[in-house]
Amino acid sequence: SKGLIVHSILYGTDNSVTVAALKRLGANFKGVGLLPDTATDAQLDQFVDDNLKAVRLNYVHGGVLSWDGAKAMAPRLADRNLHIQMLLHSHLHMAELEDDIRALPVPLVIDHVGWPDLALGTSDSGFQRLLRLVGDGHVHIKLSAIYRLCAAPYDQAAPFVAALAAANPAACLWGSDWPHLMLNRAHMPDAATLLDAFHDVVTSMKNRETILVHAPDKLFFD
């Protein structure tokens with residue numbers, strides 16, 4: 001009855017395929033789209049009309065929106081109840097981004113558990129910075145795409161998911177990352193197995209409901 005579709009970089013800034021899907025699925029489905037640094041107020045207004053709730057930024061591979069562009073756009077996003085979704089590596093990028101993130105006037109959703117280097121462990125300084133931002137409510141974190149971090153049964157990722165969920169379940173979101181594009185040597189996962197891995201780590205029914213229901217409701221539907 002509800003869902004979120006994240007637009008693929010494969011389509012560039014042409015959000016039409018995602019917008020068409022949202023129209024077919026109905027008002028309870030929201031989207032995350034792509035806009036360039038040069039987006040106009042008219043483009044942002046159309047973004048809202050198209051039921052898109054966030055702009056997507058890839059700090060790992062680059063793309064159509066830069067971090068400087070997102071920061072400059074942030075006040076206009078705030079005016080429209082929009083937010084930013086961002087892919088980064090916590091072990092590489094958090095030190096340089098933390099102060100800017102704390103100053104953002106809009107919510108920031110960080111993808112894929114912060115895409116950490118699992119070999120560094122949860123004590124890594126970048127991951128600890130991310131934990132503090134989550135705990136302080138400065139960012140939302142997606143507990144998604146652990147199959148991109150390690151192979152099933154995903155035990156190596158479990159301590160990272162557990163730490164984030166414990167830091168602030170109200171700032172955590174779960175997602176399947178289906179249909180698993182651009183695997184880049186990762187194995188194609190099974191969505192049910194990914195959800196099982198989440199349940200194995202987050203055992204509190206209250207926290208499960210917060211992460212799976214209340215947190216996305218507040219971010220995307222309030």
Side-chain angles (χ1 to χ4, degrees), residues 2-9 18 29-34 52-61 63 65 70 82-94 97 101 104 106-118 122 126-127 129-150 154 156-184 186 189 191 193-202 207-221:
K2 289 182 178 180
L4 179 75
I5 297 178
V6 179
H7 185 70
S8 172
I9 187 63
T18 296
F29 284 77
K30 308 294 182 179
V32 176
L34 290 172
L52 298 167
K53 293 292 291 184
V55 294
R56 188 178 184 191
L57 164 62
N58 191 324
Y59 201 72
V60 176
H61 303 113
L65 180 64
L82 300 172
H83 62 269
I84 300 168
Q85 178 180 312
M86 187 174 187
L87 180 67
L88 54 77
H89 286 304
S90 60
H91 59 292
L92 297 177
H93 303 135
M94 289 310 306
L97 295 174
I101 290 172
L104 282 176
V106 294
L108 175 69
V109 176
I110 294 180
D111 275 331
H112 304 346
V113 198
W115 207 342
D117 182 344
L118 301 187
T122 58
F127 188 75
R129 288 175 185 271
L130 175 59
L131 272 181
R132 287 194 293 271
L133 287 169
V134 171
D136 293 343
H138 284 284
V139 302
H140 288 73
I141 186 78
K142 277 192 180 179
L143 307 180
S144 58
I146 53 175
Y147 67 92
R148 297 186 185 274
L149 309 179
C150 60
Y154 312 120
Q156 290 174 282
F160 294 81
V161 174
L164 291 164
N168 188 356
C172 294
L173 309 162
W174 185 84
S176 68
D177 198 39
W178 181 87
H180 319 299
L181 303 176
M182 296 178 281
L183 287 169
N184 192 26
T193 303
L194 294 173
L195 186 57
D196 286 344
F198 166 77
H199 285 147
D200 288 343
V201 173
V202 182
N207 287 347
R208 287 177 181 176
E209 186 172 0
T210 296
I211 294 167
L212 295 172
V213 179
H214 302 308
D217 260 358
K218 184 173 182 179
L219 184 62
F220 295 107
F221 294 94

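Note that the numbering runs from 1 along the sequence shown for the chain.
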Between Leu65 and Leu34, does the side chain to side chain contact (heavy atoms under 4.5 Å, CB included) criterion hold? Intermediate values first, please.
CA-CA 8 Å; Leu65 180 64; Leu34 290 172; over 6 Å; no
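- Within the 4.5 Å cutoff, side-chain heavy atoms of Leu181 are placed close to those of Ser8.
- With Arg208 contributing its side chain and Val202 its backbone, the two residues share a donor-acceptor pair below 3.5 Å.
- The aromatic rings of Phe198 and Trp174 sit tilted relative to each other, their planes meeting at an angle between 30° and 60°.
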Check the pair Ile110, Leu108 against side chain to side chain contact (heavy atoms under 4.5 Å, CB included), reporting the backbone distance first and the verdict last.
CA-CA 6 Å; Ile110 294 180; Leu108 175 69; 4.1 Å; yes
Verify side chain to side chain contact (heavy atoms under 4.5 Å, CB included) between Leu82 and Val106, making sure each step is shown before the conclusion.
CA-CA 7 Å; Leu82 300 172; Val106 294; over 6 Å; no
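- For the pair Lys2/Asp217, a side-chain contact is recorded, criterion being any heavy-atom separation below 4.5 Å from C-beta on.
- With contacts defined as side-chain heavy-atom distances shorter than 4.5 Å, the pair Phe160/Ser90 does not qualify.
- For His83 and Phe220, the ring centers are positioned less than 6.0 Å apart.
- Side chain of Arg56 to backbone of His7: a donor-acceptor contact under 3.5 angstrom is found.
- At a threshold of 4.0 Å, the pair Asp177-Lys142 does not count as salt-bridged, since none of the basic side-chain nitrogens sits closer than that to a carboxylate oxygen.
- Residues forming a side-chain hydrogen bond (donor to acceptor under 3.5 Å, both in side chains) with His138 (at least two apart in sequence, or on another chain): Arg102.
- Between the side chain of His93 and the backbone N or O of Leu88 there is no donor-acceptor pair closer than 3.5 Å.
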List the atom pairs, donor and acceptor, that lie under 3.5 Å between side-chain atoms in residues 163-173 and the rest of the protein, sequence neighbours left out.
| unit_1 | atom_1 | unit_2 | atom_2 | d |
| --- | --- | --- | --- | --- |
| Asn168 | OD1 | Ala170 | N | 3.3 |
| Asn168 | ND2 | Val134 | O | 3.0 |

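- In this structure, Tyr154 and Val201 have side chains that are not in contact, with every pair of non-hydrogen atoms separated by 4.5 Å or more.
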